[in-house]
Participant: 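Sharing a structure here in structure tokens format.
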Amino acid sequence: MIPAADSTPSALAKGERLNVHYNQVMPELPEVETVVRDLRPLLCGRRIAAVQAGRKALRRRWSKPWGTVVQGRPVLGIHRRGKWIVIELGGPYLVIHLGMTGQLRVVPASAPTPPHTHLIFTLDDDLQLRFRDVRRFGSATLFPDAAAVQAFFAAADLGPEPFDLDPAYWHGRVTAAHRCLKAILLDQRVVAGVGNIYADEALFEARLHPTLLGDTLRRPQTAKLRQAVVTVLTRAIDKRGSSIRDYVGGSGEKGNYQREFLVYGRTSQPCLRCRRPIERIVLAGRSTHFCPGCQRKPR
DNA sequence: ACAGGATCCTGGGGGC
DNA sequence: TGCCCCCAGGATCCTG
């Protein structure tokens, strides 16, 4: 078992309404992209000297001889695919999902180990890559080679990246589905990387009601939705880069998470565009926020 | 086949 | 003060 240090999470600022229960970033595509970009210069070219694994398994159990497989391996690259982080280890690949509360950090080996740290990779220069995940919704899996990683994504039927969406493909997938737009956006088989927050934000950006059924949309609407997904994610990646810059550095964990969401987490607050109160409903088992003025309800 | 629901997991917040 | 219940979410498994 990895020893736990006495560090407690920082308290939420008073009056904080966004992400009421959380004092950390919920990782969706923009957060994962930021983590990958930040980790790349810290990890690439280094070598893994040792691995420590916690006793409690994550949702996807790692293969047994972790240490022997990974030990001595160089980190050749780190990439993102949807919300998955793929680390290339000169042969094997490490595939990580941050789930809801997962964190990947590079810190000095001497830094205290916070609770819920499940994996520690000691690098060859007194730094450690640490995977921490309070709720253990995340996963870390070792694959023998690139083909095995591809097979894993193929088996999950992981859809294309949102930035590469072919208009015809997108229109076909959306209009083929007899279910609400919110559920379609959350479906990783249709498009990879969109989560609950950015699904709501994208629908607001496109001014489409979340309960609209996919098979009722016409081409201009699917085009608008596709563009909205790209716009919202691009904007978030640009902002997240600065808002969680110290995510990796380890020193100031607080960061300032004033996110500029227009609907997510803003239930009952006035729409920043039309001032009508944002509404919250549950769709596909997920809280869904929308503006009844900007996103007109279908008949 | 497809859509929707339950499940996992934990800490914080609200209610009593 | 302190307990208990509820809530949040992504992926996956299960049901209709």
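This one's a predicted model, so the numbers in the text were calculated from it and none came from an experiment. In what follows, every chain begins at residue 1, and chains take the letters A, B, ... in the order their sequences are listed.
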Participant: Looking for any heavy atom pair under 4.0 Å, which part of the strands does Arg173(A) touch: base, sugar-phosphate only, or nothing?
Facilitator: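 The residue Arg173(A) makes no contact with any strand.
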
Participant: In whole angstrom, what separates Leu186(A)'s CG from dA8(C)'s C1'?
Facilitator: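 So the CG-C1' distance, Leu186(A) to dA8(C), works out to 14 Å.
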
Participant: Do the side chains of Leu98(A) and Phe131(A) get nearer than 4.5 Å, heavy atoms only?
Facilitator: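 Touching, per the 4.5 Å side-chain cut-off.
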
Participant: Could you check whether any side-chain heavy atom of Phe121(A) comes within less than 4.5 Å of a side-chain heavy atom of Val75(A), counting everything from C-beta outward?
Facilitator: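 They are not in side-chain contact.
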
Participant: Identify whether the distance between the nearest side-chain nitrogen and carboxylate oxygen of Lys182(A) and Asp200(A) falls below 4.0 Å.
Facilitator: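 Judged by the 4.0 Å cut-off on N to carboxylate O distance, Lys182(A) and Asp200(A) do form a salt bridge.
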
Participant: Yes or no on side chain to side chain contact (heavy atoms under 4.5 Å, CB included) for Leu94(A) and Val70(A), after CA distance, side-chain angles and deciding distance?
Facilitator: CA-CA 9 Å; Leu94(A) 180 60; Val70(A) 167; over 6 Å; no

Participant: Which one, dC9(B), dT12(C), dG9(C), comes nearest to the side chain of Phe152(A)?
Facilitator: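 Shortest atom-to-atom distance from the side chain points to dT12(C).
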
Participant: Are any of Ser287(A)'s side-chain N or O atoms less than 4.0 Å away from OP1 or OP2 of dC7(C)?
Facilitator: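 Negative; the distance criterion is not met.
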
Participant: Just the rounded figure in Å: distance from P of dA8(C) to CZ of Arg266(A).
Facilitator: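 In whole Å, dA8(C) P lies 18 Å from Arg266(A) CZ.
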
Participant: Anything under 3.5 Å between a protein N or O and an N or O of nucleotides 2-6 of chain B, put it in a table, one pair a line.
Facilitator:
| unit_1 | atom_1 | unit_2 | atom_2 | d |
| --- | --- | --- | --- | --- |
| dA3(B) | OP1 | His178(A) | N | 3.3 |

Participant: Expressed in angstrom and rounded to an integer, what is the separation of Phe261(A) atom CZ from dG9(C) atom P?
Facilitator: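 About 11 Å, once rounded to whole Å.
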
Participant: Do the ring planes of Phe143(A) and Phe152(A) sit parallel (below 30°), tilted (30 to 60°) or perpendicular (above 60°)?
Facilitator: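 If you compare the ring of Phe143(A) with that of Phe152(A), the planes turn out tilted.
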
Participant: Give a yes or no answer on whether the side chain of Gln295(A) reaches the backbone of Arg207(A) with a donor-acceptor pair at less than 3.5 Å.
Facilitator: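 It does not hold such a pair.
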
Participant: If Ile, Leu, Val, Met, Phe, Trp and Tyr residues are connected whenever their side-chain heavy atoms lie under 4.5 Å apart, and connections chain through other members, are Leu89(A) and Leu76(A) in the same group?
Facilitator: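 Looking at the clustering, Leu76(A) is in a separate group from Leu89(A).
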
Participant: Could you check how far CG of Asn196(A) sits from C1' of dA8(C), rounded to whole Å?
Facilitator: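 Going from CG in Asn196(A) over to C1' in dA8(C) covers 9 Å.
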
Participant: Using atom CE of Met100(A) as one end and atom P of dC7(C) as the other, report the distance to the nearest whole Å.
Facilitator: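 That distance rounds to 14 Å.
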
Participant: Hydrophobic side-chain clustering at under 4.5 Å (ILVMFWY, transitive links): who's grouped with Leu262(A)? Put none if nobody.
Facilitator: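 Hydrophobic cluster check, Leu262(A): joined to Phe204(A), Val263(A), Leu272(A), Ile278(A).
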
Participant: Can you tell me the distance, in whole Å, between the CZ atom of Arg135(A) and the C1' atom of dC8(B)?
Facilitator: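 In whole Å, dC8(B) C1' and Arg135(A) CZ are 12 Å from each other.
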
Participant: Within this structure, what is the CG-to-P distance between Leu29(A) and dG9(C), rounded to whole angstrom?
Facilitator: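 Spelled out: CG on Leu29(A) to P on dG9(C) is 17 Å.
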
Participant: Take the C1' atoms of the five end pairs on each side of the helix from dC2(B)-dG16(C) to dC16(B)-dG2(C), get both axes, and report the angle to 10 degrees.
Facilitator: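 Roughly 60°, once rounded to the nearest ten degrees.
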
Participant: Any heavy-atom pair between the side chains of Leu123(A) and Ile48(A) that's under 4.5 Å?
Facilitator: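 When only atoms from C-beta onward are counted, Leu123(A) and Ile48(A) do touch, with a gap below 4.5 Å.
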
Participant: Does a side-chain N or O of Arg132(A) approach OP1 or OP2 of dT10(B) to a distance below 4.0 Å, or not?
Facilitator: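 For dT10(B), neither OP1 nor OP2 has a side-chain N or O of Arg132(A) closer than 4.0 Å.
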
